[in-house]
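If you read the sequence from its start, that first residue is 1, and numbering goes on from there. All values reported here derive from a predicted model rather than from experimental measurement. Indexing begins at 1, ligand by ligand and atom by atom, following the structure's order.
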Amino acid sequence: ISQEENTLRELRIFLRDICAKLARNKQFFMFTKPVDIEEVPDYLEIIKEPMDLETVMSKIDKHCYICARDFLDDIDLIVRNALEYNPDKSAEDKHIRHRACSLRDKAYAFIKAEMDSDFEDTCRDIRDKR
Ligand SMILES: CC(=O)c1nc(NC(=O)[C@H]2CNCCN2)sc1-c1cc(O)cc(O)c1
């Protein structure tokens, strides 16, 4: 098995662990599953590219992420969607925006804490060669 495949397998194991930790956090329950259109019927009129942690987990298994940056781009998409769908000054919207910002900070902190930068550099080299 090539060294590249070894590196990407290690990346997937690492990203699954981080995604599971985020999805386990009760604070982020509204980000764990695709938005239920029954619950929020106008959602798809406002949000053109929905994303959630369950979808991120399945993308890991489908080898969609070649480096941590690609994974964080989908986390950022979850956050951006929540900020766009919840722009009001109301307490409810502020609460969801606060949770979205917390999700972003926790995801970046887990990556920084557990990934050494030359592992990410190696993944970037693999991505850029493809
Ligand atoms: C994830 C998200 O962005 C989201 N935003 C919501 N905002 C509102 O309901 C605001 C919008 N402004 C007017 C006052 N209501 S509900 C909601 C959501 C929560 C869940 O428990 C599951 C789910 O799939 C989606």
Side-chain angles (χ1 to χ4, degrees):
I1 186 99
S2 75
Q3 184 49 37
E4 271 195 17
E5 286 315 309
N6 285 328
T7 302
L8 294 182
R9 184 185 317 104
E10 197 179 336
L11 175 71
R12 287 193 296 277
I13 291 165
F14 175 79
L15 293 181
R16 280 193 196 93
D17 173 54
I18 289 183
C19 194
K21 273 200 283 214
L22 294 171
R24 265 201 306 272
N25 187 328
K26 292 279 171 295
Q27 274 193 22
F28 305 139
F29 80 93
M30 74 273 283
F31 307 122
T32 53
K33 298 240 178 304
V35 168
D36 180 346
I37 301 308
E38 306 293 306
E39 274 171 43
V40 264
D42 66 342
Y43 191 78
L44 293 181
E45 290 156 34
I46 298 166
I47 300 304
K48 295 310 166 197
E49 192 183 356
M51 187 49 65
D52 64 277
L53 291 171
E54 189 177 77
T55 302
V56 170
M57 190 66 95
S58 63
K59 286 182 76 170
I60 295 170
D61 295 345
K62 289 190 289 186
H63 299 198
C64 296
Y65 303 125
I66 314 288
C67 56
R69 176 70 265 157
D70 295 343
F71 167 85
L72 289 173
D73 286 351
D74 270 348
I75 298 294
D76 286 341
L77 177 56
I78 295 173
V79 174
R80 217 167 40 251
N81 289 343
L83 300 184
E84 278 165 28
Y85 188 69
N86 295 282
D88 305 340
K89 278 185 68 62
S90 69
E92 186 189 1
D93 282 28
K94 274 188 189 160
H95 173 75
I96 292 178
R97 290 202 299 273
H98 179 74
R99 289 288 165 83
C101 295
S102 175
L103 173 71
R104 184 198 341 247
D105 288 346
K106 287 227 169 25
Y108 278 77
F110 284 146
I111 295 274
K112 183 167 172 30
E114 291 165 36
M115 174 175 265
D116 55 46
S117 53
D118 51 6
F119 181 79
E120 174 64 358
D121 290 347
T122 305
C123 294
R124 297 280 177 96
D125 292 344
I126 295 170
R127 181 189 64 172
D128 298 343
K129 261 174 38 190
R130 292 196 172 187

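- Of the charged side-chain nitrogens involved, none lies within less than 4.0 Å of a carboxylate oxygen, so that Lys129 and Asp125 do not count as a salt-bridged pair.
- Heavy-atom proximity to Phe29, at under 4.0 Å, picks out these atoms of ligand 1: 21 (O).
- Under a 4.0 Å N-O distance rule, the pair Glu120/Arg124 qualifies as a salt bridge.
- Ligand 1 places these atoms under 4.0 Å from at least one heavy atom of Tyr85: 5 (N), 6 (C), 7 (N), 11 (C).
- Both the backbone and the side chain of Met30 come within contact range of ligand 1, each with a heavy atom under 4.0 Å.
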Kindly determine whether Glu49 and Arg80 satisfy salt bridge (charged side-chain N to carboxylate O under 4.0 Å, His left out), including the steps that lead there.
-> CA-CA 10 Å; Glu49 192 183 356; Arg80 217 167 40 251; 5.5 Å; no
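- In this structure, atom 24 (O) of ligand 1 lies nearest to the protein heavy atom Val35 CA, 3.0 Å.
- One finds a salt bridge joining Lys21 and Glu114 here, because a Lys/Arg side-chain nitrogen approaches an Asp/Glu carboxylate oxygen to under 4.0 Å.
- Proximity of a side-chain donor or acceptor of Asp93 to a complementary backbone N or O of Asp88 within less than 3.5 Å is detected.
- Closest protein heavy atom to atom 3 (O) of ligand 1: Asn86 ND2, 3.3 Å.
- Closest heavy-atom approach to atom 17 (C) of ligand 1 among the candidates Ile78, Ile96, Asn81: Ile96.
- Between Tyr43 and ligand 1, a contact under 3.5 Å exists for no N or O pair.
- If you look at Glu39 next to ligand 1, the close heavy atoms, those under 4.0 Å, all belong to the side chain.
- Distance from atom 15 (N) of ligand 1 to its nearest protein heavy atom, with residue and atom name: Glu92 OE1, 3.1 Å.
- A donor-acceptor pair is defined here as one N or O able to donate and one able to accept, closer than 3.5 Å; such a pair exists between the side chain of Asn25 and the backbone of Gln27.
- Residue Ile60 holds its CD1 atom at 8.5 Å from CG of Leu11, rounded to the nearest 0.5 Å.
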Please walk me through it: do Glu54 and Thr32 pass side chain to side chain donor-acceptor pair (under 3.5 Å)?
-> CA-CA 6 Å; Glu54 189 177 77; Thr32 53; over 6 Å; no
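- Residue contacts with ligand 1: Asp93 is placed with a nitrogen or oxygen under 3.5 Å of a nitrogen or oxygen of the ligand (distance criterion only).
- Of all the atoms in ligand 1, the ones that sit under 4.0 Å from a non-hydrogen atom of Asp36 are 24 (O).
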